[in-house]
Amino acid sequence: MYFFVDMDEAYDEYKKLGLENFVYYSQILAYLIIFYFLIMFYKNYQKISTSDSTKLLMKKILKTRKTVRNYMLFNLGYMALLLIIVSVANINLNIDDLSRKQILLIILLTLVVTIVALAILWLFYQLLYGFLLRKLNRNYKELAKLDGNL
């Protein structure tokens, strides 16, 4: 996000909406959670050894994949939460100037944009992981053949 968004401008918008504390503390929490996932990924990565049996190797690789999937789900959930909270704060700020119809339209538009953005990111993740899992499955079959021959 830092590459695509001017963060000073974004913080000014958060300040106007009264969300500077929420953004500050939620980012601290998000960085702590990201740090946790990095540690878990590194631990899982360190446990993967080529001297393990094929079955054990696949089990460890799939555990690492689960960590990555959970990391992606956390990021998507955090993004959705942030989009919804910013929209609600924006509505609260302009509540006197908006009609019920406009409020419903903003809520609907926020939900649609959030769902579409999350779906695109999730599909990209699935596509990328689909290629990697296909290759992993091919390698697993080759390893299983070698394991069976030994």
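All figures in this text were calculated on a predicted structure; none of them were measured in a lab.
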In terms of hydrophobic clustering (I, L, V, M, F, W, Y; side-chain heavy atoms under 4.5 Å; direct or indirect links), are [X] and [Y] co-clustered?
X: Leu29; Y: Ile39; answer: no
X: Leu93; Y: Leu19; answer: yes
X: Leu73; Y: Leu121; answer: yes

Of all heavy-atom pairs linking Gln102 and Asp97, the shortest is OE1-O, 3.7 Å

Of all heavy-atom pairs linking Tyr78 and Ser26, the shortest is OH-OG, 3.1 Å

Does any non-hydrogen side-chain atom of [Y] lie less than 4.5 Å from one of [X]?
X: Ile28; Y: Tyr24; result: yes
X: Ile120; Y: Phe124; result: no
X: Val86; Y: Tyr14; result: yes
X: Asn75; Y: Met79; result: no
X: Lys15; Y: Tyr11; result: no

Inset, instruction - Take Gln46 and Tyr42, measure what side chain to side chain donor-acceptor pair (under 3.5 Å) needs, and give me the verdict at the end. - result: CA-CA 6 Å; Gln46 287 295 321; Tyr42 183 74; 3.0 Å; yes

Checklist entry - Donor-acceptor pair, Asn94 side chain versus Asn90 backbone, under 3.5 Å? => result yes

Atom [atom1] in [X], atom [atom2] in [Y]: separation rounded to 0.5 Å?
X: Ile103; Y: Ile91; atom1: CD1; atom2: CD1; result: 6.0 Å
X: Ile33; Y: Phe74; atom1: CD1; atom2: CZ; result: 4.0 Å
X: Leu32; Y: Gln27; atom1: CG; atom2: CD; result: 12.0 Å
X: Lys66; Y: Asn44; atom1: NZ; atom2: CG; result: 10.5 Å
X: Leu38; Y: Tyr31; atom1: CG; atom2: OH; result: 12.0 Å
X: Leu17; Y: Phe22; atom1: CG; atom2: CZ; result: 12.0 Å

Next item on the list: Could you check whether the rings of Phe37 and Tyr71 sit parallel, tilted or perpendicular, using 30° and 60° as the cut-offs?
Entry: perpendicular

Which word best sums up how the rings of Tyr45 and Phe41 line up, parallel for under 30°, tilted for 30 to 60°, or perpendicular for over 60°?
parallel

The single option from Ile107, Val112, Ile106 that satisfies side chain to side chain contact (heavy atoms under 4.5 Å, CB included) with Thr110 is Ile106

